[in-house]
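Ligands are counted one by one from 1 in listed order, and the atoms in each one are counted from 1 as well. The shown structure was predicted, so the numbers you read here are calculated from the model rather than taken from an experiment.
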Amino acid sequence: MKKITKDEIKRIIALSDAFGPSGMEDEVSALVRKELDGVLALKEDKMRNVRGVLNPECKGPKIMLDAHLDEVGLIVQAVKPNGTMRFLPIGGMAASNLPSSLFDLKAKDGKLVQAAVAAKPPHFMSAAERTGAPAIEEMVLDCGSVSAEETEEYYGLGIGSFGAPAVKGNFDEKKGLFFGKAFDCRIGVAAEIETIKRLKGKKIGAQVQASFAVQEEVGERGVYANYKELQPDLMICFEGCPADDTFQEPYMIQAALYKGPMLRHFDRCMITSPRFQRFALDLAKANKIPVQEAVRSGGGTNAGIVHQEGVPCIVIGVPVRYIHSHHCWCTAHDYEAAVELAVKICESIDEKVLAGF
Ligand SMILES: [Zn+2]
């Protein structure tokens, strides 16, 4: 497989670092448009969904590549008289992971302010508090303020302020290992960007469409706007999906680091088109691209929405350890295999193949 370039590494870290909880994806959508500037014409709607067509002159089957721009985060619900803030989670975050974690909150002037989910010192804990994790409704964010006025006036924070994990990404060159936040789905966004760049200028029988959708983490709310405008015949959904190699018995591991992207047959929201899935798995095998197969009892993706419109979809998920938490790992190897597989699929789709689905 191809070795990851310096540009790709820089792009992946920048995407991981970008502030973009659901509903506030501006920074991520701007980054995507910058990265694909000159590659294809992209349009951004008022929700910050981004879409475009790489080769509009092609009259073959339309294949939509999709990844979501948003990440899990939080929103401030109220400021307490002592200056701390109550909040609600945006997307699925486990309450037990939150105490002591650091968030960036977007202030009124657009700057980021650090706030920690307050952790009560053990000195003040009751016996019951010592053994159980508090509920999210009992937690507060603390930016160091001592009054509601200070939080609102000095820090520019208050009701409706968005927050995302405060984590800076890095890359271990020797291991080909990325560390950072939000690889769900920024590693998918990076894989889609790279797939589009590699397909640029190639003579292929399919029309390649780009979809970067907002608000996936709160119930796949953004992708439909892209689907409606692009009207694809097929969809490849890129994801950063939960790695299970530190939780499962060996025989149940279906998304390990360094073993290639995960192609899921089944999750909570979709039974993957068995014919499109078979086509992709056969193509991976023929081209010696490592992949992993999965059947998931949970989870859901943007494909869960689009397949209900009669569009065969597959999911290409780059395994990410500890998604929906602050500290995540994924690998250049699995990212590269995801890109190579997506490129091969786009090169291999034509009317005849589509008719066989
Ligand atoms: Zn995701």
Side-chain angles (χ1 to χ4, degrees), residues 12 15-25 27-29 31-32 47-50 64-74 89-94 97 164-165 167 169 178 180-195 210-227 235-244 254-255 257 261-270 272 292 294 296-307 313-331 334-335 338-339 342:
I12 290 167
L15 282 165
S16 166
D17 287 351
F19 181 92
S22 315
M24 187 51 85
E25 296 92 344
E27 209 177 290
V28 198
S29 65
L31 200 52
V32 167
M47 280 179 88
R48 302 291 177 258
N49 287 301
V50 175
M64 181 170 101
L65 310 181
D66 172 80
H68 67 86
L69 298 169
D70 57 318
E71 64 186 303
V72 294
L74 53 78
I90 295 177
M93 281 190 301
N97 287 343
V167 175
F178 285 100
K181 69 172 177 75
F183 291 129
D184 170 14
C185 181
R186 307 288 165 70
I187 194 69
V189 170
E192 180 175 341
I193 290 172
E194 186 60 22
T195 300
S211 157
F212 297 93
V214 298
Q215 298 191 28
E216 190 269 354
E217 297 293 358
V218 287
E220 298 85 27
R221 295 177 193 169
V223 70
Y224 193 74
N226 284 352
Y227 161 78
M235 174 192 193
I236 296 176
C237 181
F238 290 98
E239 263 293 356
C241 64
D244 56 10
Q254 302 181 336
L257 297 192
M262 178 243 261
L263 273 71
R264 54 176 71 176
H265 295 274
F266 184 98
D267 66 21
R268 196 171 39 81
C269 296
M270 180 174 78
T272 303
Q292 308 178 72
R296 288 304 202 208
S297 54
T301 69
N302 278 341
I305 300 297
V306 174
H307 86 289
C313 302
I314 56 163
V315 179
I316 299 182
V318 177
V320 179
R321 278 192 183 165
Y322 317 120
I323 68 167
H324 292 209
S325 83
H326 277 52
H327 305 122
C328 307
W329 284 271
C330 63
T331 74
D334 301 333
Y335 153 86
V339 172

Worksheet item: Measuring to the Zn ion (ligand 1), does C241 have an N/O/S atom at a distance below 2.8 Å?
Response: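 No - counting backbone and side chain alike, C241 has no N, O or S atom under 2.8 Å.
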Worksheet item: Near the Zn ion (ligand 1), is there an N/O/S atom from E217 that is less than 2.8 Å away?
Response: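 Under 2.8 Å: E217 has no N, O or S contact with the Zn ion (ligand 1).
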Worksheet entry | Nearest heavy-atom neighbours spanning A67 and E192 |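 Between these two residues, the closest heavy atoms are N-OE1, 3.0 Å.
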Practice prompt. Give the minimum heavy-atom separation between C328 and V320, together with the two atoms involved.
Written response: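 For C328 versus V320, the nearest heavy atoms are CB-CG1, 3.7 Å.
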Discussion item. Using the side-chain hydrogen bond (donor to acceptor under 3.5 Å, both in side chains) definition, which of the options R296, Q292, Q254 pairs with D244?
Written reply: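 By the side-chain hydrogen bond (donor to acceptor under 3.5 Å, both in side chains) criterion, D244 pairs with just one of R296, Q292, Q254: R296.
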Discussion item. Restricting to N, O or S, what is the name of the atom of E239 that lies nearest the Zn ion (ligand 1)?
Written reply: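 In E239, the N, O or S atom with the shortest distance to the Zn ion (ligand 1) is OE1.
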Item to complete: Among the N/O/S atoms of D184, select the one at the shortest distance from the Zn ion (ligand 1) and name it.
Response: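 Going by distance to the Zn ion (ligand 1), the closest N, O or S atom in D184 is OD1.
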Worksheet item: Have N302 and H68 got a donor and an acceptor in their side chains that come within less than 3.5 Å?
Response: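 On atom types as modelled, these side chains do not qualify, holding no pair under 3.5 Å.
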